[in-house]
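Proteins get letters first, then strands, A, B, ... in listed order; numbering begins at 1 in each. Here the structure is a predicted model, which means the values were calculated and not measured.
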Amino acid sequence: MPPLSYFCSDFHIPPGANDFRLKTFDYNMEYNFREIEKNWKQAWKDTDIYKVSNDTSKPKFYILDMFPYPSGAGLHVGHPLGYIASDIYARYKRMKGFNVLHPMGYDAFGLPAEQYALETGQHPAVTTEKNIARYREQLDNIGFCYDWSREVRTSDPKYYKWTQWIFLQLFHSWYDRQENKARPIATLISIFEQEGNAETPCPGNEALRFDADTWATYSEKEKRDVLMQYRIAYLSHAEVWWCEALGTVLANDEVVNGVSERGGHPVEKKRMRQWFLRITEYAERLISSLDTLDWSDAMKEMQRNWIGKSNGAEVTFHLQDSEKEITVFTTRPDTIFGVDFLVVAPEHEWVADITAAEQKAEVEKYQQYVKSRSERERMSEVKQVTGAFTGAYAIHPLNKKPIPVWIAEYVLAGYGTGAIMAVPSGDDRDHAFAKHFNIPITNIFGELYNGEEAYSSKEGKIQESDFLSGLSIKEATLKAIDALVASGAGKSKVNYRLRDAGFSRQRYWGEPFPIVYVDDVPYALDEPEVTLSPKEKEKHAQLPLVEKYTPGPEGQGPLANVDDWVNTSVGRMETNTMPGYAGSSWYFLRYMDPHNDSEFASKEATSYWREVDLYIGGTEHAVGHLLYSRMWTKALYDLGFISFDEPFKKLVNQGMIQGSSRFVYRLVIKPKNQNKQPIEFPIFISWTIYENYRNKRLSDSELLELVNQHSIEAHYAIAPDKGDSYELALVPMHVDVSLVEGVVLKIDAFRNWREEYKKAIIVPEGIQDIKYICGAEVEKMSKSKYNVVNPDDIVAQYGADTFRMYEMFLGPIDVSKPWDTKGIEGVHRFLKKMWRLYFDEQTGLVVTEEPATEAELKALHKTIKKTGEDIERFSFNTAVSQFMICVNELSTLNCHKREVLEKLAILICPFAPHMAEELWNKLGNSGSVITASFPAYEERYVTENTKKYPVAVNGKPRVEMEFALDAEQSLIEKEVLADPTIIKWLEGKEPKKFIYVKGKMINVVV
RNA sequence: GCGGGUGUGGUGAAAUUGGUAGACACGCUAGACUUAGGAUCUAGUGCCGCGAGGCUUGGGGGUUCGAGUCCCUCCACCCGCACCA
C-alpha cells in the first residue's frame, strides 16, 4: 500500500497526517457508538483525511450538494437527506479510485437575515455567522467527508467580489445572434461604427435602426443608451410590489391575498428602474442542450415548459383612425379569419392613448383593479371573466373588417407582445370572454364548433376563411403566414415564454452593484471613465456596514440611506443589490479554486474539475437556480473563461422529508347561559374519544360524563346531567413531537411543556387503557407545527452511523416521505448485530483467521454485488436492506472470519463511516478505511445454477418446482405435466399451451 | 389555471427488462432468557375463511398465457409558478 500521504492533500501535508494509524481507543466491547464516533471525528480532523488535491493523476469526480441557506432554525432531519446520499457516493467513488471533489458552503445572502435584522437590530453578517457556525456543528455531527478547506460563503467579500466581476462581464457583453454567443461589447461598437445596426437588431427595441453615420453623430449618453439595450446585464424597467404603509418593496411571497403579509397593508405594483439579465437570448441553447444532460425527464420538462418555446406568427393590426398599430403573437395564424376582437394587457403603455373618451373612466377603473391582482390570480381565475372595452377598433389585415380592442387581465404584458388576437370559436378563454361580453362569434370550424364550447382541437378543417377554407390546420397555418408576409402584416415567429431575469432587489443583504451613475448614466466601476482611485472603487464595491436596515426613499434599497457609501466623487452608486441567485449561479466554480485572489478560479482548476458530475438537491430549484446557473455557465463559456458550457452533468433530486405532526384535542366548554363562568382549565381528550365524538358515536352529555368519571375537579365545575346547557368543541392542537412516543403522549412531559397545562385534565383512552393517544398527520416540517426533529438529537441518541443509514433506509432518495423516529430502532439494532460479528461483549474481538465457507462467501459476494450496483443507481434503501440480509445470514452461520468481515467493514464505510473505521483499525489495519479499495465480487459466488420455478395453471401459481437453469424444455414439460398438483388443477383438460420462460416461470394454459 | 410528482399491508417500503406482489424494517401477538428490560433470541403477522380456497398494488375499463409494471379513463394528495432561498 502506498504511504498515506499519497491519498491526503498535496497542497500541504498537515502535521500528523502520517500518524493516522491504529488508535487503541478503549471501549468495553459493546457497540459504543458515542466514543467511536467522537474519536474518529477527531482523527479525521487531525489528519485532514478528506482534503482534496487539484494535482493528481487520478481521474476526477465532482460531487456537489446544493448549498444551504443558513437559516436561524438550523438543520432539521430533512435537510441532510441529500448530503448523506452524496457523501455515500463520494466515499464510494473515492474507494473506487477517483479523486473526488466534495465541498460544502453557504448561500449566505438573503431576505430572512435582513428581516431578522429589521426586527432585532442585529447585523445580518453577525446572525449569518452565528447560523453558519450552528450549521457547521450540525453537519460535522453527521460525519461527512467534505473538504472544508474549500468552503465558500456568498456573503464573503472575497467571494462576492467575483460575483460582481462576473456581473460586469455580462454588462460588458452583448449577444451576437449570428455567432450565437456572448461577445465583448467592444465588438458591437466596432460593428456600429462600420455598418450601424442593420445586421444586428436590437433585442431591447426591435424597431431601433441606425446606420454608421448616425451612430457617429450620437452623444456619449445616446451611445450608452443604445448599448444598454444590447448588454446581457442591462438596465430597464419593471413592476414590483410596493407597500406604501411599510414604505418598502415586497417579495411575491410577502404579499398574501393582495395585502402585505406583515400588517395586512394594501399593496400595489410600482414601476421601477431595475437590472436584468438577458437570459432570453439563451432560450434556444438552454432548450437544446438539455438533451446532453443526465437529468430526470420531469426536471427537463419543467425547464422546457418554463422556457416555453412556441412557433407561431406575429400579426400587426392597424388601428382605425389612428397611426398606431397593435402587434399580436399567435400560435394559431390559421384562425386569422376567426378573429372577433383583440385583447391588450391592461398595463400596456399605450392603452391610455387608444382609449376612446367615453370609455376612459371604465378603462381606468379596470386598470386600477388589475394593479391589485397578482399574476397568479390573473392566470388562474377562469370562472370570473373580467375586462373593459377601450372604444378603439383595429382593422383586420386581410379582410379589413373592424375589430374591437379590449383590455383584460388574462393577457399579460410580459408575454409575447402583450396583446392577442382573440378567436372565440377556437380558444376557451376567448370564448368565455366573448360570451360574457356578448361579442358576436365568427365560426370558422363549421360543424366542429357547437356554439357552446370553443373547438380547440388541432384536428379538422378550417371553414369560412376565404382562401384558407377547406384546408387542414397545418396547411392553413403555412398559407396564412405566407399571406400575412405578402401583405406586410405579419411574419412567422418563434416565441418564448421565458422572460429576462430581474436582477435588482431593493434590499441591503446582497451583493452591491459595482455601478456608479455619472449624470444618471450608469458606468461600471471598472470602466476607465470612472475616475475613482482603486481604493475608492474597492470601498464602494463592498457592502457598507450600517446601523439601520430600513428601506430608502421611494422604494430604493437601504443602501440609499448610507450617504458616505452611496455618494462618490463622480456620482451616485446603484442602491439596489443583487438577488439570491447571483451568488449561487456560479459557486460550483469557486470550490475548484476557492482561495484565488486574482481570478474567480484558475484555468488549470476549471479545466481539471470541469462540470459537476453529480449534483444533488431538491426539485424546488427546477427552474430558478438551475436555469440561471446554466445561463451563467454558457456566458462564461462564450467569453472564453471556462471550457464547458453546462454546469451540472447529472442531477439527482432528493424528496422532502415531511414532518409527522401529533395532536392533542382540547375540550372547550362554554356555558350557554351567559352569566355562568366559562370553564377555563384545560381538558384534553384522547384520540379515540375524539374520533367517536367527531363521528357522532358519542353525544355531548356522554362526552361530559366521560370527563367527569375521570376527574373530580371536572365534576365540581360542570354538571354532567345538564349536558344540554353547554356548548362543546373539540379543538385539535399541535403538540411537540418530542413529548410523544409514537402516538402515546408522555403525560408528565406534556404537563411541564406549558405552565397552564400543569393541572390539565387528561382524559385517556378508557378506564382500563390509561394511555393518552395523540392524533397524527403528515405535514411540512416547521417550527409552528411542533414537528421539527433535530438531527443532533437523533445522533446523540443513536449515533451518526445509525442516523445516516436510517435516512437512506426510509425509502428512495427522490420520494417524499414522513419522518418517523420510531423506525430508527431497526437500523440501530442492525448495526449492533453487525458489531457482534466482530466483538463479543465479554471476550472482545472474536474474528478468526479460519477460511470462510462457501455459504459465507456467497453471502458476502452477493452483498458486494448488490450494494455496489445499488450505490451506482442511487438506490440506497435497498443497499441498506442488503446489508441487513447479509448480517442476518452471517449471524445465522455464526461467521466470525476475517476473510469475510474485513471486506464487509470496507463495504459499509460509505454508509457507516465511523463504525467502518473502528472495525477496520481493530482488525489491525493502519490508515483510514477510506483509503482501502472497494471490494470486487467473484462471479462464481453470485450465480446460481438451479431455479425454483413457480408453476402456474392459467396464470395462477399453484406449485413450486426446482429445475437446473440449463434444463431442456421437453424435460421440464414432462415433469411438470406429471406433477400431481398440476394434474389436479388441469382437471383432466388438455394443455393448450406450455409457456416456459427460462429463469423466470412456467405457465400451463388450458 | 398551467406544469411536475406520488398513490402497494396498521406504518416506511421491495419487486432493476411484462413473469411467485409485500424482500428488508417498524409496529403488533405469543413465547424463551432475566432481579429487571426501552437488552437479546425464537415463532407468527396483507385481507376474508374452520378449511379447501378466494380476494388484493387509489377506482373503472383494456391489451396479454401472464399487468404493481403497458394503454385509456376517473379520483385523491403533494410540490413549483418568475422578489423565499
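On a pure distance criterion of 3.5 Å, no polar donor-acceptor pair joins the side chain of A:Glu114 and the base of B:rC84.
Remark: A:Leu118 pairs with A:Gln115, A:Tyr549, A:Thr550 by the side chain to side chain contact (heavy atoms under 4.5 Å, CB included) rule, at least two apart or across chains. With sequence neighbours left out, the ring pair (Phe, Tyr, Trp, His ring centres under 6.0 Å) criterion links A:Tyr135 to no other residue. For A:Tyr282, the ring pair (Phe, Tyr, Trp, His ring centres under 6.0 Å) partners are A:Tyr175, not counting sequence neighbours. With sequence neighbours left out, the ring pair (Phe, Tyr, Trp, His ring centres under 6.0 Å) criterion links A:Trp275 to A:Phe167, A:Phe171, A:Phe513.
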Going 5' to 3' along nucleotides 43-49 of chain B, which nucleotides have protein heavy atoms under 4.0 Å from the base (write B), which only from the sugar-phosphate (write S), and which from neither (write -)?
-------
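Taking the P atom of each, B:rG12 and B:rU17 are spaced 24 Å apart, rounded to whole Å.
Around the NZ atom of A:Lys948, the shell of radius 6.0 Å holds no more than 12 heavy atoms that belong to other residues, nucleotides or ligands. Atom OH of A:Tyr581 has more than 12 neighbouring heavy atoms from other residues, nucleotides or ligands inside a 6.0 Å radius. Crowding of A:Trp242 atom CH2: a count of heavy atoms from other residues, nucleotides or ligands under 6.0 Å exceeding 12.
Residue contacts shown for A:Pro68 are absent, as no nucleic acid heavy atom lies under 4.0 Å away. Residue A:Gln274 is in base contact, counting any heavy-atom pair closer than 4.0 Å across all strands shown. Nucleic acid contact class of A:Ala622 (heavy atoms, under 4.0 Å, all strands): none.
Annotated stems with RNA chain B as a participant read B:1-7 with B:75-81, B:10-12 with B:24-26, B:27-32 with B:40-45, B:46-48 with B:53-55, B:58-62 with B:70-74, given as range with range, by first number; only runs of 3 or more Watson-Crick or G-U pairs under 3.5 Å qualify.
Under the salt bridge (Lys or Arg N to Asp or Glu O under 4.0 Å) criterion, no residue pair touches residues 951-961 of chain A, with sequence neighbours excluded.
Ring orientation note: the planes of A:Phe963 and A:Tyr949 are tilted relative to one another, at an angle of 30° to 60°. Classified by interplanar angle (parallel below 30°, tilted 30° to 60°, perpendicular above 60°), the ring pair A:Tyr806/A:Trp819 is perpendicular.
Put simply, A:Asn877 has no side-chain N or O that comes within less than 4.0 Å of OP1 or OP2 on B:rA25. Between A:Lys984 and B:rG53 there is a side-chain N or O to OP1 or OP2 distance below 4.0 Å.
In this structure, A:Arg873 and A:Ile885 both approach RNA chain B, and ranking their closest nucleotides by distance from the 5' end singles out A:Arg873. A residue-by-residue look at A:Pro957 and A:Phe109 shows that A:Pro957 has its nearest nucleotide of RNA chain B further toward the 5' end.
Closest to the side chain of A:Met302, out of B:rG3, B:rC79, B:rC81, is B:rG3. Listed candidates were B:rC84, B:rA15, B:rA82. Nearest to the side chain of A:Ala251 is B:rC84. Distance from the side chain of A:Lys833 is smallest for B:rC41 among the nucleotides B:rC41, B:rA85, B:rA82. In this structure, the nucleotide among B:rG54, B:rG4, B:rC83 sitting nearest to the side chain of A:Val249 is B:rC83. When each of B:rA14, B:rC79, B:rA85 is scored by its nearest atom to the side-chain atoms of A:Thr878, the top-ranked nucleotide is B:rA14.
Interface residues of residues 500-510 of chain A facing RNA chain B, ordered by number: A:Ser504, A:Arg505, A:Gln506; criterion, heavy-atom separation under 4.0 Å.
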Under 3.5 Å, which donor-acceptor pairs link side chains of residues 618-626 of chain A to any protein atom two or more places apart or in another chain?
from	atom 1	to	atom 2	distance (Å)
A:His625	ND1	A:Ser584	O	3.4
A:His625	ND1	A:Ser629	OG	3.3
A:His625	NE2	A:Tyr615	OH	2.7

Please write out the pairs of protein N or O atoms and N or O atoms of nucleotides 8-12 of chain B separated by less than 3.5 Å, giving the distance to one decimal.
from	atom 1	to	atom 2	distance (Å)
B:rG12	O2'	A:Leu810	O	2.4

Using the 3.5 Å cut-off, write out each protein N or O paired with an N or O of nucleotides 33-40 of chain B and the distance between them.
from	atom 1	to	atom 2	distance (Å)
B:rU40	O3'	A:Arg836	NH2	3.3

Pull out every protein N or O sitting under 3.5 Å from an N or O of nucleotides 65-67 of chain B, one pair per line with the distance.
from	atom 1	to	atom 2	distance (Å)
B:rC65	O2'	A:Asn1003	ND2	3.4
B:rC65	O2	A:Asn1003	ND2	2.6

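A donor-acceptor contact shorter than 3.5 Å is absent between the side chain of A:Tyr106 and the backbone of A:Thr154.
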